[in-house]
Structure formats: C-alpha cells, structure tokens
Amino acid sequence: MTQFAVSNNELLIGGIPLSRLAQRIGGTPFYAYDRQLLTQRVAELRRDMPPELKIHYAMKANPMPAVAQHMASIVDGFDLASAGEMKVALDTTMSAEHISMAGPGKRPDELRQAVAAGITINAESFHELDTLARIAGQIGITPRVALRINPAFELKASGMKMGGGAKQFGIDEELIPEALLHIKTRGFDFQGFHIYSGSQNLKAESIIEAQQKSLQLALQLADACPGPIRKLNIGGGYGIPYFPGETRLDTRQVGNALAVAMASFKTAQADTEIVIELGRYLVGEAGIYVAKVIDKKVSRGQIFLMVDGGLHHHLAASGNFGQVIRKNYPVAIGTNMAGEELENVNIVGPLCTPLDSLADKMRLPKVEIGDLVVVYQSGAYGYTASPSKFLSQPEAAEVLI
Ligand SMILES: *Cc1c(COP(=O)(O)O)cnc(C)c1O
C-alpha cells in the first residue's frame, strides 16, 4: 500500500501524522478518507476511459456527506439505492438530472420522493411501473424512467454476480419489450437502460465482454423503445485488490476496448450518453480504518492484540461481508511503520465473538499498547456496511482529510 506516505515512522493521511490526527479527532477508532487520493483516482480513470464516457459514483460504497460533496465535484453523476442516499446526494452540488436511483423493492414513498426530485428511476419490476403511474397521477409530475435489465449473460469472474439467471435485480431481458410498452402507454419520460451485471472484478477480459454485451443488448432493444435511448448505464464492477496475489485491474485495456465498442454503438445511436457506475473503485483505496491497541496478551504461544474497534465498525475486514474463506485485509501499525523487529500477531476487537478479528496470524512490526492499527482498502463498504449497534460499543468517527 504505497498511496499513503510515511514519515518519522508514522503513516501520514493528507500530510498529517496518524497520532496527531487521532488527537485532533479526539480519539479512536475512526475512518479517515484522503480527498487528494479520491481526486487522483478519478483523474487516472478518466485518462484510461474514452473521453465521452460518463463516470458516475455509486454512493452506497461510501455515503459520508463530505465524501459525497467531494465526489460531486469530480464525477459526472451519482447512482443511489435509497431515499436516504438521495437526501445526501441532493445536498451536494450534483444536479438531479445527473442522478439515478436503482435497487429492488423501492417503497412507494421513496418513489414519490424520487419523482418529485426529478431524478431518473431505474425501474426494476412491472409493479414499480404501476406505482410510478399512480404517483404521476397523484402529484402531476412525469416520472423520468429507465429500465434496469436483468441480462441473460453474467459478468464472469466477479466477486458478486448481480445479473444473469434468476435475480431480484432488474426486469428479465425477455420481458423488456413488454415493459417498454408500459412506459409508452403511460407517457413516462423514457431515459434508457441500466444493465448492472456484477461487482469487484479484477479481470479486464470479463469486464470488456460484459460491456460489449450490454451495448449490443441496448442496440437490439432500440427499435422497441418509445423514444431515443438518452442514457445507457452499462454498469461497472471495476474491482480493487484486497488480498495478496490479487493483481490490479488493467483499466487501460478496458478503456481501449470500450472506445472501440462505443464507436460502433454510436454509428447506430449517435446521441446516447454512455455511463459507467463505480463505487469501490473510486473510493475504496482512499480510506483507512484506525483502532488503538488497548491490551496485548499471549495465549498458548500466540500473541493477541486487543483494539478498541472491530467488526461492528468494519464487518468486511473481519471477513464476514461476503468472503467465503476469511483472508486478512492489508494491515499496518500506523505508529510503527518502519519497525524492524517483527512478530506474529492476531488483532481482535472487543466484541464477545471469535468473528471479531481484524488480522489472523499476521507478521507485523512489534506493537506496544497505545499503538494505532491501520486497516487499508477501507474507503468503501466500511462503516455503513457494518452492524455498528452490535454490543452497544461507541461509534466510530469519520473524517475527510
Ligand atoms: C453496489 C452497486 C454498485 C457499486 O458496486 P461497486 O462494487 O462498489 O463498484 C453499482 N451499481 C449498482 C446497481 C450497485 O448495486
């Protein structure tokens, strides 16, 4: 993990030594996100992607309001998954016309708020289209609607598959012509399509294949549309490396192939805005989670470091958020970065369950009580993806530096 600098044996976040930052915050545990790393990531991605491609931020990865506001200034749009996220999004400088909402089981009250806000709703069922028609009649506003398609294909080699086969997401590809008819008869403002096939993918070939298939699918459906395809969201799925042996996604390879596919798409549909939506790829590597060592003991030959944070703040690092076999997230001793004396340690939290582990048998610089443990790759699916009420422990702070 080289994106954070080290000085005087301490990790720096936005130029601030970690222990100084902990004093400024008033304690541990906390999440810290680095604004400059966010900006850098988006700039690097734009360099690799076709220039006319729109990059949206999938806010569920990290909905901290300050992060959302920063992202609003560097991406082209937001994709939301709830009315709660919509509030955060609309409080930023991002305009409603660049915001869309997806997700299965949107409640009528959420849909009403979304219609009133003027954001695009990625409809995912026939019942949702019925509800939107009722809302339109009640409040007299024409809904902006795109259809989320559950494609027949899958995103291969994905950490999480969200399309292909039987899924709760989207409307099956075979039923899309019928759904388009509903949109036409109801006079909705048709926006286009949303095709999201999966998440956390490090294989360029798989992403390229899914992007090409998404563009083809939209072209096949073009004739059945009630109007031009204004927006085509071809999903994302760009992953980040979490574990030893994982190699970075080759975004240049993805971008080159996408440029070719988009050029061919544009010969048939010149005015379509093509969008990708990314969460963890934009924010995941820009964040760390920090907890303090409050006890150290040896049990039958193994060293245990007890820290003041754990799975209640960072479920994913404990290995309980979708991992099949627990693997250690990258961890460092932020207050002893250059320590040469190493020891094998287990880092555990205060919860009364063996699941509350942040590191299993990791070789790290020697730790004293009071040292600060850092978990990298924590900018996405950290705090808001964790059961923070479990065992009534204190909350974690979140800061954007
Ligand atoms: C979760 C989600 C994303 C973001 O996924 P990442 O793996 O964080 O990039 C994007 N779009 C939709 C529809 C999602 O549900």
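All values below were derived from every heavy atom in this structure, side-chain atoms included, with hydrogens, water molecules and symmetry-related copies excluded. The first residue of the sequence shown is numbered 1, and numbering continues consecutively from there. Note that ligands are numbered from 1 as they come in the structure, with each ligand's atoms numbered from 1 the same way.
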- Query: With a 4.0 Å cut-off on heavy atoms, is Y196 touching ligand 1?
  - Reply: yes

- Query: Is there a donor-acceptor contact under 3.5 Å from the side chain of D308 to the main chain of K292?
  - Reply: yes

- Message: As an exercise, identify every atom of ligand 1 less than 4.0 angstrom from a heavy atom of S199.
- Response: 5 (O), 6 (P), 7 (O)

- The atoms of ligand 1 lying under 4.0 Å from a heavy atom of Y381, numbered in the order shown, are 1 (C), 4 (C), 5 (O), 6 (P), 8 (O)

- What orientation do H313 and Y383 show, parallel under 30°, tilted 30 to 60°, or perpendicular over 60°? perpendicular

- Residue, atom name and distance, where the atom is the protein heavy atom closest to atom 13 (C) of ligand 1: E277 OE2, 3.6 Å

- Is the closest N or O pair between H194 and ligand 1 shorter than 3.5 Å? no

- Could you check atom 9 (O) of ligand 1 against the protein and tell me its nearest heavy-atom contact, residue, atom and distance included? G279 N, 2.9 Å

- Query: What atoms of ligand 1 come closer than 4.0 angstrom to any heavy atom of A58?
  - Reply: 3 (C), 4 (C), 10 (C)

- Item | Side-chain ion pair, R248 and E285, N-O less than 4.0 Å | yes

- Task: Tell me whether the centres of the aromatic rings in Y329 and Y242 are closer together than 6.0 Å.
- Result: yes

- Look at the side chain of E124 and the backbone N and O of F169, then say whether any donor-acceptor pair between them is shorter than 3.5 Å. no

- Query: Which heavy atom of the protein is the closest neighbour of atom 1 (C) of ligand 1, given with residue, atom name and distance?
  - Reply: K60 NZ, 1.3 Å

- Query: Are the aromatic rings of H70 and Y33 close, with centres under 6.0 Å apart?
  - Reply: no

